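Data block below; observations after.
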Amino acid sequence: MKVEALKSILKELGIECARTIEEKVDLQFSALENLYKNLNDDELFLKLVIANSIVSYQLSAKGEKWWWEFSRYFSKNPPKGIVAAYSEFLPNSKTNRRLIQPKLNRLKKLEPFLSSLTMEDLRDYYHNMLRFRDHLARVMNSKEDAKTIVFAVKMFGYASRIAFKEFIPYPMEIDIPKDFRIENYTKRFTSEEPVKFWRKISREVGVPPLHIDSILWPVLGGDRRVIGRLKKHCEKSELVLQLVSL
Ligand SMILES: Nc1nc2[nH]c(O)nc2c(=O)[nH]1
């Protein structure tokens, strides 16, 4: 049965393999490393990554391209204020062209929260990502499993790992970000609601949903650089390829 094969592969890959894919394979992680190096401002870096996650929906290109556009733009144009910066960036973006005004409105909601955060708060949130999710959902008036909220935790986790130089696994309670790639892949196994399906699978295999997302999402994008990186860095690359072809 396909679900049994899925579970057995995920169990074998575990969090360690997810971490390798996140840090060595996912082009989004490299985009964040590039921005971190160029910005040279830990607090601004972490806040920009949260802001960018909140407007990462209805993209006009693949997510990887969007995150690289973000990284290059803010490497050259370090912002003073988030809303002011995105009022320039979004209307000129090549990879995030839709729903510009609603996205700016979301950033208006977010900005006071971001401005109130110190580096200590950000570090505390990294150590308690569940609390971060809850606060962010409240500020954005969103559900705790909303795609942009859980995705913001994923990207905040990436950014914090880079800034604080410490790996903390994602909490089991934070759901998978339900985007097009994950939704389509889930249909191969079930007609159940994807977030609920992955919640169950996660608990059964002992891998948190956000780490399962990291194993699946980059390879499902079909970018040949990702496959090259996977073969180079991940000793279980064949199992990952088996997983995405189930
Ligand atoms: N499930 C995911 N959705 C995404 N959208 C985006 O831009 N990046 C991601 C991701 O890493 N996972």
Side-chain angles (χ1 to χ4, degrees), residues 6 10 13 15 17-35 48-74 86 89-90 93-99 103 106-107 129 133 136 142-162 169-171 174-189 193-199 201-202 207-223 225-227 229-230 240 243-244:
L6 170 74
L10 282 173
L13 294 175
I15 293 181
C17 172
R19 182 181 177 186
T20 303
I21 295 178
E22 287 159 1
E23 297 177 12
K24 304 278 186 219
V25 179
D26 190 351
L27 300 169
Q28 299 175 124
F29 195 93
S30 314
L32 297 198
E33 287 179 314
N34 179 65
L35 178 63
L48 264 179
V49 170
I50 299 168
N52 208 56
S53 309
I54 285 299
V55 295
S56 290
Y57 63 100
Q58 290 273 327
L59 300 178
S60 323
K62 288 190 173 176
E64 292 88 345
K65 275 198 154 179
W66 158 240
W67 281 91
W68 265 100
E69 186 184 31
F70 157 78
S71 174
R72 291 195 182 100
Y73 181 85
F74 286 111
Y86 275 83
F89 174 45
L90 278 185
S93 168
K94 301 272 184 288
T95 60
N96 194 350
R97 301 165 72 92
R98 288 193 278 265
L99 303 173
K103 286 172 183 169
R106 284 172 70 74
L107 292 172
M129 287 185 262
R133 180 204 63 183
L136 189 62
S142 296
K143 284 171 54 180
E144 281 150 8
D145 66 352
K147 191 254 172 176
T148 51
I149 300 299
V150 291
F151 181 57
V153 179
K154 176 173 174 177
M155 297 310 279
F156 173 67
Y158 275 18
S160 297
R161 224 181 279 175
I162 294 168
Y170 293 117
I174 301 186
D175 286 315
I176 202 161
K178 189 177 76 173
D179 80 322
F180 185 71
R181 288 184 205 176
I182 294 297
E183 215 167 351
N184 272 342
Y185 181 71
T186 310
K187 283 182 192 148
R188 299 184 202 175
F189 304 96
E193 211 290 306
V195 169
K196 285 195 188 133
F197 174 75
W198 290 107
R199 224 178 256 163
I201 297 288
S202 277
V207 180
L210 284 179
H211 286 300
I212 292 187
D213 185 72
S214 301
I215 293 171
L216 296 173
W217 194 85
V219 182
L220 287 174
D223 189 308
R225 289 168 299 172
V226 167
I227 308 298
R229 282 169 165 226
L230 181 75
V240 177
L243 185 68
V244 295

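It should be emphasised that the depicted structure is a prediction, and the values quoted were computed from it without experimental measurement. Whatever order the structure lists ligands and atoms in, that order sets their numbers, starting from 1.
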Would you call D179-K147 a salt bridge at under 4.0 Å N-O?
-> no
4.5 Å side-chain heavy-atom contact, Y57 and K103 | yes
Is it the side chain, the backbone, both or neither of [X] that has a heavy atom closer than 4.0 Å to ligand 1?
{"X": "K147", "answer": "side chain"}
{"X": "S56", "answer": "neither"}
{"X": "K178", "answer": "neither"}
{"X": "W66", "answer": "neither"}

Under 3.5 Å, side chain of S160 to main-chain N/O of F156, donor-acceptor pair present?
-> yes
Please report the shortest heavy-atom distance between I162 and L32, naming the atom on each side.
-> CD1-CB, 3.7 Å
Are F29 and W217 near enough that their ring centres are under 6.0 Å apart?
-> no
Aromatic rings F74 and Y86: how do their planes relate, parallel, tilted or perpendicular, breaks at 30° and 60°?
-> tilted
N/O of [X] under 3.5 Å from N/O of ligand 1, yes or no?
{"X": "Q28", "result": "yes"}
{"X": "D26", "result": "no"}
{"X": "L59", "result": "no"}

What atoms of ligand 1 come closer than 4.0 angstrom to any heavy atom of G63?
-> 7 (O)
Which atoms of ligand 1 have any heavy atom of I182 under 4.0 Å away?
-> 1 (N)
Identify the protein heavy atom lying closest to atom 12 (N) of ligand 1, giving its residue, its atom name and the separation to 0.1 Å.
-> D213 OD2, 2.8 Å
Row check, F151 ring normal vs K154 NZ/CZ: under 6.0 Å, within 45° = no
